[in-house]
Amino acid sequence: METWEWIVLGAAAVLFLLLVLALVRIRRRRSRLQARFGPEYQRAVASAGTGAAEKRLGEVERERSEIDIRPLPAAARERFLDEWRQVEARFVSDPRESARAAERIVERVLEERGYPVDGDAERRAAVVAVDHANIADRYRHGRAMLGGVDGEEGTESLRKAVLDFRSVLEELLASDPKAA
């Protein structure tokens, strides 16, 4: 074999190796994002495609890493639980206001823990999903159930919203922030 043939063969081998390493890196990143975001990863991929979703989730991870998430003091937990019991007790007489109060309690817990409450709810849900992948969809669903409800079907939607917000609240009150 000629010298130039060895050079071409060597360059091809190096390029192949770089390609394999890049693919391994992409797979590891994808696996890490899937493990960290759980159902949020699947939701993002379904709505934006794999590349765009992974880029957005990477940005959300970076944003979350810059936020100081704090555990709630015991007194604050008790205060929120008392407020929650009042929400549930009022549901029969005023389901709409109870569901809205449930949402406000969740948002106050998020704020007190340090999660961003400014901006849109979608951004908030994505940042929460970094630490609590399994409740982001419940948060979104609860908010969706609050919109445009009337009559008996409306009351059922409000009941579902309260159940969703209760799941979110229980998770937020029970857990300490994960290391980002």
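Just so you know, these numbers come straight off a predicted model, no measurement behind them. FYI, the numbering just counts along the sequence from 1.
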Visitor: Applying a strict under-4.5 Å side-chain criterion to I, L, V, M, F, W and Y, I'd like to know whether I69 and L110 cluster together.
Guide: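 In one cluster: yes.
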
Visitor: Can you confirm whether Y115 sits close enough to V109 that some side-chain heavy atom of one is under 4.5 Å from a side-chain heavy atom of the other?
Guide: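 No, every pair of side-chain atoms sits at 4.5 Å or beyond.
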
Visitor: Looking only at heavy atoms, what is the nearest atom pair of S157 and M145, with distance?
Guide: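 That would be O-CB, 3.2 Å.
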
Visitor: Measure the shortest side-chain to side-chain distance between L158 and V162 over non-hydrogen atoms and say whether it is less than 4.5 angstrom.
Guide: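 Of all side-chain heavy-atom pairs linking V162 with L158, none is under 4.5 Å.
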
Visitor: Below 4.0 angstrom, N of the basic side chain to O of the carboxylate: do R159 and E156 qualify?
Guide: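 Here R159 pairs with E156 in a salt bridge, since their nearest N and O are under 4.0 Å apart.
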
Visitor: Determine, for E88 against R166, whether the closest basic-nitrogen to carboxylate-oxygen distance falls under 4.0 angstrom.
Guide: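 Salt bridge present between E88 and R166.
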
Visitor: I need the E40 CD to L33 CG distance, nearest 0.5 Å.
Guide: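 Interatomic distance, E40 CD to L33 CG, rounded to 0.5 Å: 11.5 Å.
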
Visitor: Only counting residues at least two apart or in another chain, list the ones meeting salt bridge (Lys or Arg N to Asp or Glu O under 4.0 Å) with E54.
Guide: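 Salt bridge (Lys or Arg N to Asp or Glu O under 4.0 Å) list for E54, sorted by chain: R30.
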
Visitor: Got a salt bridge between R138 and E170, using NZ or NE/NH1/NH2 to carboxylate O under 4.0 Å?
Guide: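 E170 and R138: not salt-bridged.
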
Visitor: If you compare all heavy atoms of F37 against all heavy atoms of A133, which two are closest, and at what distance to 0.1 Å?
Guide: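 Nearest heavy atoms, F37 then A133: O-CB, 3.1 Å.
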
Visitor: Would the distance check show the side chain of S65 and the main-chain N or O of R62 forming a donor-acceptor pair, the cut-off being under 3.5 Å?
Guide: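 Flag set: sc S65 to bb R62 pair under 3.5 Å.
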
Visitor: So, are R113 and E171 salt-bridged, with charged N and O less than 4.0 Å apart?
Guide: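 Here R113 does not pair with E171 in a salt bridge, since their nearest N and O are not under 4.0 Å apart.
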
Visitor: If we ignore hydrogens and angles and just use 3.5 Å, is the side chain of R77 paired with the main-chain N or O of L72 as donor and acceptor?
Guide: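 Judged by distance alone, yes, a pair lies under 3.5 Å.
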
Visitor: Over all heavy atoms of both residues, which pair between R140 and A126 is shortest? Give the atoms and the distance, please.
Guide: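 R140 and A126 have their closest heavy atoms at NH2-N, 4.1 Å.
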
Visitor: Any Lys/Arg nitrogen of R104 or E97 sitting under 4.0 Å from an Asp/Glu carboxylate oxygen of the other?
Guide: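 Counted as a salt bridge, because a side-chain N and a carboxylate O are separated by less than 4.0 Å.
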
Visitor: Quick check against the 3.5 Å criterion: does S98 have a side-chain atom that pairs as donor or acceptor with the backbone of V87?
Guide: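 Present.
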
Visitor: Work out which heavy atom in V117 is nearest to a heavy atom in E107; give both atom names and the distance.
Guide: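 Shortest heavy-atom separation between V117 and E107 comes out as CG1-O, 3.7 Å.
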
Visitor: Measure the shortest side-chain to side-chain distance between Y139 and L172 over non-hydrogen atoms and say whether it is less than 4.5 angstrom.
Guide: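 Of all side-chain heavy-atom pairs linking L172 with Y139, none is under 4.5 Å.
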
Visitor: Heavy-atom distance under 4.5 Å between the side chains of R123 and E63, does that happen here?
Guide: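 R123 vs E63: side chains touch.
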
Visitor: Tell me yes or no: between the side chains of Y41 and R36, is some donor less than 3.5 Å from an acceptor?
Guide: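 No, no side-chain donor-acceptor pair sits under 3.5 Å.
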
Visitor: Donor-acceptor pair, R64 side chain versus I67 backbone, under 3.5 Å?
Guide: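 Confirmed, R64 side chain pairs with I67 backbone.
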
Visitor: Would L21 and F16 count as a side-chain contact (heavy atoms from CB on, under 4.5 Å) if you check the C-alpha gap in whole Å, the side-chain angles of each, and the deciding distance to 0.1 Å?
Guide: CA-CA 9 Å; L21 290 174; F16 179 75; over 6 Å; no

Visitor: Taking atom CZ of R25 as the centre, does the number of heavy atoms from other residues, nucleotides or ligands within less than 6.0 Å exceed 12?
Guide: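 No - once you tally the heavy atoms of other residues, nucleotides and ligands closer than 6.0 Å, there are 12 at most.
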
Visitor: Atom CZ of R56 and atom CD of E59: how far apart are they, to the nearest 0.5 Å?
Guide: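 It is 8.5 Å, given to the nearest 0.5 Å.
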
Visitor: When rounded to the nearest 0.5 angstrom, what distance separates CG in L146 from CG in D164?
Guide: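 L146 atom CG to D164 atom CG measures 9.5 Å (nearest 0.5 Å).
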
Visitor: Just verifying a value: how many Å separate L57 CG and T50 OG1, rounded to the nearest 0.5 Å?
Guide: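 Going from CG on L57 over to OG1 on T50, the span is 10.5 Å.
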
Visitor: Where is the tightest heavy-atom contact between V168 and I135, given as atom of each residue plus distance?
Guide: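 So the two residues come closest at CG2-O, 3.7 Å.
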
Visitor: For the CD atom of E78 and the CG atom of L173, what is their distance to the nearest 0.5 Å?
Guide: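 Here the rounded value is 9.0 Å.
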
Visitor: Can E103 and R143 be counted as an ion pair, charged N to O under 4.0 angstrom?
Guide: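 Judged by the 4.0 Å cut-off on N to carboxylate O distance, E103 and R143 do form a salt bridge.
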
Visitor: Would you call R32 and E61 a salt bridge, using N to O less than 4.0 angstrom?
Guide: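 Judged by the 4.0 Å cut-off on N to carboxylate O distance, R32 and E61 do form a salt bridge.
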
Visitor: Should D82 and R79 count as an ion pair when the cut-off is N to O under 4.0 Å?
Guide: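 Between R79 and D82 there is no salt bridge, as every charged N stays at least 4.0 Å from the carboxylate O atoms.
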
Visitor: If you measure from CZ on R85 to CD on E83, what distance do you get to the nearest 0.5 Å?
Guide: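 If we round to the nearest 0.5 Å, R85:CZ and E83:CD are 10.5 Å apart.
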
Visitor: What are the two closest non-hydrogen atoms of A125 and A136, and how far apart are they?
Guide: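 Nearest pair, atom of A125 first, then A136: O-CB, 3.7 Å.
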
